[in-house]
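Below you'll find the structure, written out as structure tokens, and then a few comments.
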Amino acid sequence: MPPRLIAHLDMDAFYASVELLRYPDLAGEPVVIGGGRRHAPEPLPGGGFRYARLRDYAGRGVVTTASYAARAFGVHSAMGMMKAAQLAPQAVLLPTDFERYREFSRRFKAAAAAIAPRIEDRGIDEIYLDLSGLPGTAGDGGRAVAQALKAAVFEATGLRCSIGVAPNKLLAKICSDLDKPDGLTLLAADEIPTRIWPLPARKINGIGPKASERLAGFGIHRIGELAAADPAWLVETFGRSYGAWLHEAAHGRDERPVVTHSEPVSISRETTFERDLHAVRDRATLSALFTELCVKLAGDLQRKGYVARNVAIKLRFDDFRIVSRAVTLPAHTADAAEIRRAAGQCLKRVDLSRRLRLLGVRAAALLPAAEAARRAAALPPRGETLPLFDARAPAGGAESAEEAPLFEASAD
DNA sequence: TCTGGGGTCCTAGGACCC
DNA sequence: TCTGGGGTCCTAGGACCC
């Protein structure tokens, strides 16, 4: 098998950059995106806008994105806004506008797809591209195609991105981060020891805060140190699956394909309250919020064309403990009342003596609504006996049904 | 001034079946 | 009375990612 050529394309400070297109006078300023709608810029009579400042923020939000100027103050994604306000009180605060980001996301992905159609979606601001065998990649390891991608993305959106090109997704992802913003990094397999091994282990996608902390406890800080660790010891220490993967990842080995299509596994809605709520004292408020979440979730399912057979709730208590309860339904649904009923059943199984910080509802075991309708239509009318080999049987069901008597006879 | 909202995947254990 | 082993489905929790 010839080596693959995989690119990872990552938009630079995506939300903040989209906002800077709309408010160009903020270019170069520390800007933080996050929080609710209340701090939208006010148009001034003479033109321009009056912006909210981070120091004026009060609430429980976190930073969604910080402009590079704001990052210089130590502000970063997922940081509590109140903490960010201490670091950069003068930073401009803008509300998130997901509709707009989704539109720019569609645009940059379409522009990239016109050049390299084998694309894997990795959320709103990232994609993997399989450049293997693409015209123009033969001579230069993909540099010209990557430059064309950057130009096309800028043409379509006015935004800059960073690209890593490598033999697999793992390495491409690491590389896209090496030269941000507006970066382009190519890596060949034989450069792993010199360019990848000196990096912190945390740079590997899949080594998070917990794993890197544990590794550090064993004196393993860099990818090269992880690569030098005994694989048997890694398996003993981190489990068969994760331990073996750590070893492979540290050596830059990754055979995962670029997946161009995937179905969602679950769809959910959750909300963090402005203040912690108590099941008894705030019963009416909680009940209304709970119903609202179910209605929104049902709307999401219907809009996206799915039905669900599993409904789960998620609670976060005031001490940040998270609890979840799930129930599997007799039949798929996208109906708000049915989801509300199932979620209510789940809620009854939780001790609600502590105050709640967050409430969420999730739909899982999804089926495309069209497929559910097809199956329903294939069923005989009510009251009629089912044929032995029914359309509802799972794939291969008829075969296993024929073999079933044999298994029964040999069982026990 | 602690710590959002939307996801995926993995593990472990129990129920139930053969 | 104790002893099996495999398989599937399901739940709960946790790590991780954007």
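Chain naming here is simple, since letters A, B, ... match the order of the sequence lines and numbering starts at 1 in each. We use all heavy atoms of the structure for the numbers below, so side chains are in, but hydrogens, waters and symmetry mates are not.
Of the candidates dT11(B), dC18(C), dC16(C), the closest approach to any side-chain atom of Glu126(A) belongs to dC18(C). Listed nucleotides dC18(C), dT3(B), dT11(C) differ in distance to Lys173(A); the shortest reach to its side chain belongs to dC18(C). Which of dC17(C), dG4(B), dG6(B) sits closest to the side chain of Arg269(A) comes down to dG6(B). With dT8(B), dC10(C), dG7(B) as the choices, the nucleotide that has an atom nearest any side-chain atom of Ile267(A) turns out to be dG7(B). With dT11(B), dC9(B), dG6(B) as the candidates, the nucleotide lying closest to the side chain of Glu270(A) is dG6(B). Closest to the side chain of Val327(A), from the set dG13(C), dT11(C), dG5(B), is dT11(C). Nearest nucleotide to the Thr328(A) side chain, out of dT11(C), dC18(C), dG7(B): dT11(C). Out of dG5(B), dT11(C), dT11(B), the shortest distance to the side chain of Leu358(A) is found at dG5(B). The side chain of Val62(A) sits closest to dT3(B) out of dA12(C), dT8(B), dT3(B). Closest to the side chain of Arg60(A), out of dA12(C), dT3(B), dC10(C), is dT3(B).
For dT11(C), neither phosphate oxygen OP1 nor OP2 lies less than 4.0 angstrom from any side-chain nitrogen or oxygen of Arg349(A). The shortest distance between the side-chain N/O atoms of Ser268(A) and the OP1/OP2 oxygens of dG6(B) is not below 4.0 Å. Dashed line: the shortest gap from a side-chain N or O of Arg357(A) to OP1 or OP2 of dG4(B) is under 4.0 Å. Regarding contacts with the backbone of dG13(C), a side-chain N or O of Arg325(A) is found under 4.0 angstrom from either OP1 or OP2. When the side-chain nitrogen and oxygen atoms of Lys304(A) are compared with OP1 and OP2 of dG7(B), one or more of them lie within a distance under 4.0 Å. At the phosphate of dC16(C), neither OP1 nor OP2 sits under 4.0 Å from any side-chain N or O atom of Asn205(A). Look at Ser266(A) and you'll find a side-chain N or O under 4.0 angstrom from OP1 or OP2 of dT8(B). The phosphate of dG5(B) (OP1 or OP2) has a side-chain N or O of Thr272(A) nearer than 4.0 angstrom. Between Arg256(A) and dT8(B), a side-chain N or O to OP1/OP2 separation shorter than 4.0 Å is absent.
One P atom belongs to dG4(C), the other to dC18(B), and the distance between them is 22 Å to the nearest Å.
Judged purely by atom type and a 3.5 angstrom limit, Glu225(A) uses its side chain to pair as donor or acceptor with the backbone of Arg222(A).
Both Glu263(A) and Gly59(A) sit near DNA chain B, but only Gly59(A) has its closest nucleotide nearer the 5' end. Nearer the 5' end of DNA chain B, as judged by each residue's closest nucleotide, is the contact made by Thr64(A), out of Val265(A) and Thr64(A).
Both distances falling under 3.5 Å, in either a Watson-Crick or a G-U wobble arrangement, place dG6(B) opposite dC17(C).
Once the 5.5 Å centre distance and the 30° plane angle are applied, the aromatic ring of Phe320(A) is found stacked with the base of dT3(B).
Residue Glu274(A) qualifies as open at atom CD: its count of foreign heavy atoms under 6.0 Å is 12 or below.
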